[in-house]
Amino acid sequence: MKTDNRKKISLLLIPLAVLITGLAVWGPEKLARYRDRQILDRIRSQAAETGTAGYRYALSSNDKLYILSKCLNNQILPESDQNAMTRPEENRNLDYQELTGTYAMVVNRKDANGQEVKEEDGIELCNQGIQELKEIGILPESVRELTEWSYSAVLYSAIDVPEPRNNVLVWKISLDTGKETADRSGRILDVCMDADTGRIYEFYVRTDLSGWQEVDPDAIIKAWAAYMGLEEPAEYQEANPLSETTPYFKKYTFSGMESGVTVVTVGFYEGINELFLKISR
């Protein structure tokens, strides 16, 4: 009996051994072919991170202000008639594209989406910003809108050269000189404006104000900081009275990148009744 059982068990083990041996030899190949059929010639989508996704990322308003101020401090801009007369002749027509350094201001012909831009786009956006400044009491109601035939608009990128992803796209808009613009009362002379948000960083404007006594710089800077989305300003305690070409001004500071500080000035030129708000330089 025992011998018969052993024979039966042996007969059952032989096919099982053959099956196991076959799976060991041909099984992996068959499995690989099956997987290939599931993958090859089929389109699949998969979310992936790209190295360019962070090139243009959202900077805080204080950081954008700081980068722009550093770029502007590396060059001389046409600010106002009064300021222009105080500068040497050779410094009045510097080419932005030739200026280099840690921070640079370069001409840009495309917006943040890579689309070509036109002067009228900047002027239209600026008129919206001017209206906002009127509504919050920074600009007098008498300030006129910009017209395409009276102003020139150039798009710039203010860039932190070592970290080019830290950049601010801005419009620089200036009143053209000519007979049709000889009357400058109520006119914006110069504006520097954020091209993404339309917020105005700087302006020089002829007003109907009779003097500095009608200007409330504390109220202007507080309203402007809220409008720009900036943190609360602090009064600049060490302002040099000779730092401006007018005695009528007040300076404030805003925190910036890496513990940096941006100085913003509210001032007034009596005689020509010109109000200005500018980033330090």
Side-chain angles (χ1 to χ4, degrees), residues 48-79 93-130 132-133 151-174 188 190-204 224-231 233 252-265 277-281:
E49 294 183 2
T50 65
T52 58
Y55 185 78
R56 266 192 69 87
Y57 63 97
L59 293 164
S60 72
S61 296
N62 281 65
D63 288 345
K64 292 173 74 174
L65 182 70
Y66 179 77
I67 291 169
L68 180 58
S69 72
K70 298 295 286 187
C71 291
L72 295 177
N73 283 340
N74 286 341
Q75 52 223 274
I76 298 173
L77 300 178
E79 300 155 351
N93 298 303
L94 293 180
D95 187 344
Y96 285 74
Q97 299 184 71
E98 294 180 357
L99 297 169
T100 59
T102 305
Y103 292 89
M105 200 94 157
V106 296
V107 175
N108 198 332
R109 292 177 175 81
K110 295 184 178 181
D111 62 17
N113 297 318
Q115 302 297 316
E116 293 286 341
V117 294
K118 300 177 182 178
E119 280 191 278
E120 51 264 34
D121 296 335
I123 291 172
E124 180 181 354
L125 189 63
C126 187
N127 277 328
Q128 296 174 18
I130 290 170
E132 286 187 70
L133 293 185
Y151 287 83
S152 60
V154 181
L155 189 66
Y156 290 95
S157 287
I159 303 173
D160 178 355
V161 177
E163 290 288 342
R165 64 181 182 174
N166 295 336
N167 65 87
V168 185
L169 200 61
V170 297
W171 281 103
K172 179 68 177 66
I173 300 174
S174 300
I188 292 283
D190 285 288
V191 164
C192 185
M193 175 185 63
D194 192 298
D196 292 327
T197 66
R199 303 297 188 190
I200 293 177
Y201 288 105
E202 297 187 316
F203 62 80
Y204 287 79
W224 179 78
Y227 156 81
M228 294 297 298
L230 298 166
E231 297 174 2
Y252 305 84
T253 62
F254 293 86
S255 61
M257 300 180 72
E258 298 178 356
S259 302
V261 172
T262 306
V263 179
V264 177
T265 306
L277 185 151
K278 70 170 185 175
I279 302 171
S280 63
R281 53 183 179 276

Could you report the tightest heavy-atom contact between [X] and [Y], atom names first, then the distance?
{"X": "L72", "Y": "M105", "answer": "CD2-CE, 3.8 Å"}
{"X": "Y252", "Y": "P233", "answer": "CB-CB, 4.2 Å"}
{"X": "A104", "Y": "C71", "answer": "O-SG, 3.4 Å"}
{"X": "Y66", "Y": "V261", "answer": "CE1-N, 3.7 Å"}
{"X": "K172", "Y": "Y156", "answer": "CB-CE1, 3.6 Å"}
{"X": "L155", "Y": "A195", "answer": "CD1-CB, 3.7 Å"}

I need the [X] [atom1] to [Y] [atom2] distance, nearest 0.5 Å.
{"X": "E202", "Y": "L65", "atom1": "CD", "atom2": "CG", "result": "9.0 Å"}
{"X": "D194", "Y": "Y201", "atom1": "CG", "atom2": "OH", "result": "3.5 Å"}
{"X": "L59", "Y": "D196", "atom1": "CG", "atom2": "CG", "result": "10.0 Å"}
{"X": "D63", "Y": "M257", "atom1": "CG", "atom2": "CE", "result": "4.5 Å"}
{"X": "N167", "Y": "L68", "atom1": "CG", "atom2": "CG", "result": "11.5 Å"}
{"X": "I279", "Y": "N73", "atom1": "CD1", "atom2": "CG", "result": "9.0 Å"}

Can you check side-chain contact (heavy atoms from CB on, under 4.5 Å) on L230 and V264, steps first, answer last?
-> CA-CA 12 Å; L230 298 166; V264 177; over 6 Å; no
Sub-4.5 Å side-chain heavy-atom contact between [X] and [Y]:
{"X": "V263", "Y": "S69", "result": "no"}
{"X": "V106", "Y": "I159", "result": "yes"}
{"X": "I67", "Y": "K70", "result": "no"}
{"X": "K64", "Y": "T197", "result": "yes"}
{"X": "F203", "Y": "M193", "result": "no"}

Would you find a donor on one side and an acceptor on the other, under 3.5 Å apart, between the side chain of [X] and the backbone of [Y]?
{"X": "Y151", "Y": "I188", "result": "yes"}
{"X": "N127", "Y": "E124", "result": "no"}
{"X": "S61", "Y": "M228", "result": "yes"}
{"X": "N62", "Y": "E231", "result": "yes"}
{"X": "W224", "Y": "I200", "result": "yes"}

Indicate yes or no: does D160 engage R165 in a salt bridge with an N to O separation below 4.0 Å.
-> no
From CA spacing to verdict: side-chain contact (heavy atoms from CB on, under 4.5 Å), W171, V191 = CA-CA 8 Å; W171 281 103; V191 164; over 6 Å; no
